[in-house]
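Heavy atoms only: backbone and side chains are in, while hydrogens, waters and symmetry mates are out. Residue numbers begin at 1 in each chain, while the letters A, B, ... track the order of the sequences.
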Amino acid sequence: MPFATAPAPHVVAPSSVARVMRQVLYALIPTVALHVVFFGPGLLIQIVLGVVTALAAEAAALRLRGKPLPPFLLDGSAIITAVLLALCLPPLAPWWLVVSGVAFAILLAKHLFGGLGANPFNPAMVGYAVLLVSFPARMLQWLPPNVAGLEPASLSFVDTLTTIFTGMPPARFTWDAITSPTPLDALRTDLALGMTMGEAHANAMFSTFGGKGWEWINLATLAGGGWLLALRIIRWHIPVAMLTALFVCASIMSAADPGGYAGPLFHLTSGASMLGAFFIATDPVSAATSDRGKLIYGAGIGVLTYVIRTWGGYPDGVAFAVLIMNLTVPLIDRYTIPRIYGHAR
Amino acid sequence: MAKPGVRGGLRLDAHKERSTAQALRAASSVETLVLPLDQHAGAPAVPLVKPGEQVLRGQPIAEPGGAISAWLHSPASGTVAAIEPRPAPHRLGAPTLSIVVANDGRDERYAQPAPAPFDQLSPEQLREIIGRGGIVGLGGAVFPTAAKLSSAVRGQELRLLLNGAECEPYISCDDMLMRERARDVVFGARVLLHALTAQTCVIAIEDDTPQAAAALEAAIAEAHDQRIQLRQVGSDYPAGGERQLITAVFDVEVPAGGLPADVNTVCLNVGTAAAVAYWIRDAQPLTNRIVTVTGDGVLEQRNLDVRLGTPLAALIYDCGGYTSRMSRLIMGGSMMGQSLPHDGMPVIKATNCIIAASALDLQPRAAEMPCIRCGNCAEVCPATLLPQQLHWYAMGRDLDALEAYGLMDCIECGCCDYVCPSQIPLAERFRDMKPALTERLAARGSAAAARTRFDARTARLEHIESERLAALAKKRQELAKKSS
């Protein structure tokens, strides 16, 4: 009797790229939810804009490259790029910011290098970096968190939509009335102006650990990241190395000069620390590959994040830290090949 | 990181319950047996019989065709019907020269020379006699056992490792052998210990085969042989890979490009040990083996004691025939087994398992996606390779990088393939790239040998030249002395 043949192995685990990407997206739900709680519905609009742009750019790039749409368009990777970038933008940022950032990320950072699996740089971070250096003013217009003591101007969903699509808040608000720097940005500015940590910390936006709202968002991201770890979608090496390096740098500096530098807990719970550690630095395509390599790569991101945050001129350091370490990946990979079974070290 | 240890691996569904639920029984006799002459590793055997000749069961019908080769015996009495190319499973259905025996059903036995008690033979004699039994490794690699034993003996203290860790899904022939014929395994172990002048034997089995463990414990106790011990190892695939098992049991790594003998170990399958027992104790050469017939594509799943040369179709018939869901015929396990184009091929010494696989046994592969470097493959690789990097370099056919990243250390277990979310057929890619790299390494090997030869010749010529010059100078000196 004749039978069709196939190469071994004859069984494979029921996994797929799309499934991995879906799980990453589910893991971001707590972060997105708390972001909306503290900063209003702006993020949701940004995500919709970003995802639509990402899918359109992905489809256009696939068409240009003569690749089939079905497996790639719906693999979820473009959607993750859009959501991660949207999470890094001010919730009221004008529509063209997220659209141009995502389009740049997908078309140039991803497809110009060969598409899924071939991009040396994290596409979302490339998009973010381009927006930050091109439109710094727009990128700094963050909102105060919706917590007691800060009483932010309450923008309705329609107000939010109007602001995003016209680039201006409704007439009854002014930019100054509705925006606020992020705690990380505020602290950096204040310290640069010669204030001490104590003086800067008197601002109502700070709480015991970090900034109000932000610390909860970071904890939600930590929870989502923990879930990814439990599912074995990501491995512990990069997040642990990055957060440890950030913690150690901040501990040393704040111990040396408590008045001049923020403490480790502030750094861990501020800005994109957790998002960077669990969702951005862990992007496997642009990260180092061996376990030792991942530790070096993660630690490098942690150190650079601290350096850029502390002495740099940007509101956060994660994006540039990730991009710089992306550059070092080929070198790290080359020098951290694990010892093969039966070979001497 | 330098510490040896078992790395990677997978916990897989064993799929062995159904085939081990039934007792071992002999397969039905068939009219025609086909015996490929090259069914063992090394040189093909050379026929000792001619078409039309009468043969008896156990009669040698082909002798070794080289230093690494094996004897072949008739599994039945009857007539040599032909010596001609026939499709063979180890050639994936391509024809290979085979002796075809028409079974007369009388099972008249060949009178073997009377065996002496094995412990009265010298180890050298014993090894030579083991070779005459046609015994090869029955774990699947079919390396001639006598050659393996002889090459391992280099005057060092050896230890014997009997591999009963049947890690691949679906295969249960060793498990059934150990459950039902543990005494034969232990007897074989004692013969092999003598043949190797070894003092220790570890029989390694997986920790999920309690019946086999109990049977072996009893057989070892009954043999009163302190040299033999049972050892249970974890049941993660590929625990029974030779190198992985040696590392799990003895905590040493077999050096790359080396052999177990380099770490003073000889590793043989438990089925091979039993075959040694049948030959040395009972004067029965290797003409039968246990084959697992399993999978959702066959009606009755079980283990059969099968005469070599029996068509696969007959085994399936013996097990109630195919089910309507039958789709793929696999020789071996689900991870490393080879898929066969038809069932008109014979059982050979390497046939440990036949999976008649239905869609329930197979996981359909989704469309291949690009590698996203997730690293799942590296995590499960028992050789601590980086399959994602190997894949990258295999795509670019970069032989330098493939060598540096250890392609030749890949044992083709398929673990990387199994876990790949992008559904990349990594094991197949690596198998495909190996010949090119092997060829290149061989070329470099011969280049190195040529350079050594050239250097030696140059040195020799230089030596001759310098001696000539020295002699000349001496002569000149003498002449000068004389003339002065």
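- When heavy atoms are compared at a cutoff of 4.5 Å, Glu379(B) approaches chain A solely by way of its side chain, counted from C-beta outward.
- Applying the 6.0 Å contact sphere to CZ of Phe113(A) captures more than 12 heavy atoms from other residues, nucleotides or ligands.
- Contacts of Ala4(A) with chain B are made by backbone atoms alone, with heavy-atom separations under 4.5 Å and no side-chain atom involved.
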Stepwise side chain to side chain contact (heavy atoms under 4.5 Å, CB included) test for Phe3(A) and Asp343(B):
CA-CA 8 Å; Phe3(A) 303 104; Asp343(B) 56 12; 4.2 Å; yes

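- Closest non-hydrogen pair, Val11(A) versus Tyr418(B), comes out as O-CD1, 3.4 Å.
- For Arg65(A), the CZ atom sits in a packed shell: over 12 heavy atoms of surrounding residues, nucleotides or ligands are nearer than 6.0 Å.
- Looking at Cys420(B), only its backbone comes within 4.5 Å of chain A, counting heavy atoms on both sides.
- Separating the CD atom in Gln388(B) from the CG atom in Asp333(A) is a distance of 8.0 Å, to the nearest 0.5 Å.
- Smallest separation of non-hydrogen atoms from Leu386(B) and Thr289(A): CD1-CG2, 4.2 Å.
- Contacts with chain B (heavy atom to heavy atom, under 4.5 Å) involve these residues of residues 115-128 of chain A, listed by number: Leu116(A), Gly117(A).
- Under the 3.5 Å distance criterion, the side-chain polar atoms of Glu428(B) are left unmatched by any main-chain donor or acceptor of Pro9(A).
- Of residues 327-342 of chain B, those residues with a non-hydrogen atom less than 4.5 Å from any non-hydrogen atom of chain A are, in numerical order, Ser327(B), Arg328(B), Leu329(B), Ile330(B), Gly333(B), Ser334(B), Met335(B), Met336(B), Gly337(B), Gln338(B), Ser339(B), Leu340(B), Pro341(B), His342(B).
- With a 4.5 angstrom heavy-atom cutoff, Arg243(B) touches chain A via backbone and side-chain atoms both.
- Among Ala313(B), Pro169(B), Pro255(B), the residue with the largest count of heavy-atom pairs under 4.5 Å with chain A is Pro255(B).
- Applying a 4.5 Å heavy-atom cutoff, the residues of residues 367-376 of chain B that approach chain A are Met369(B), Pro370(B), Cys371(B), Ile372(B), Arg373(B), Cys374(B), Asn376(B).
- In this structure, CD in Gln389(B) is found 8.5 Å from OG in Ser290(A), a value given to the nearest 0.5 Å.
- The two atoms that bring Val252(B) and Tyr341(A) nearest to each other are O-OH, 4.1 Å, heavy atoms only.
- Heavy atoms of Val419(B) lying under 4.5 Å from chain A belong exclusively to its backbone.
- Applying a 4.5 Å heavy-atom cutoff, none of the residues of residues 351-359 of chain B approach chain A.
- Residue His10(A) holds its NE2 atom at 9.5 Å from CZ of Arg365(B), rounded to the nearest 0.5 Å.
- Lys67(A) NZ: 12 or fewer foreign heavy atoms inside a 6.0 Å radius.
- Looking at Val20(A), the atoms closer than 4.5 Å to chain B (heavy atoms on both sides) all sit in the side chain, from C-beta outward.
- His343(A) and Asp409(B) are linked by a side-chain donor-acceptor pair at a separation below 3.5 angstrom, with hydrogens and angles left out of the test.
- Of the possible polar contacts, none joining the Thr384(B) side chain to the Pro338(A) backbone as a donor-acceptor pair under 3.5 Å is found.
- Residue Arg19(A): no heavy atom, backbone or side chain, is found under 4.5 Å from chain B.
- The part of Tyr322(B) that comes within reach of chain A is its side chain, from C-beta onward, which places non-hydrogen atoms under 4.5 angstrom from that chain.
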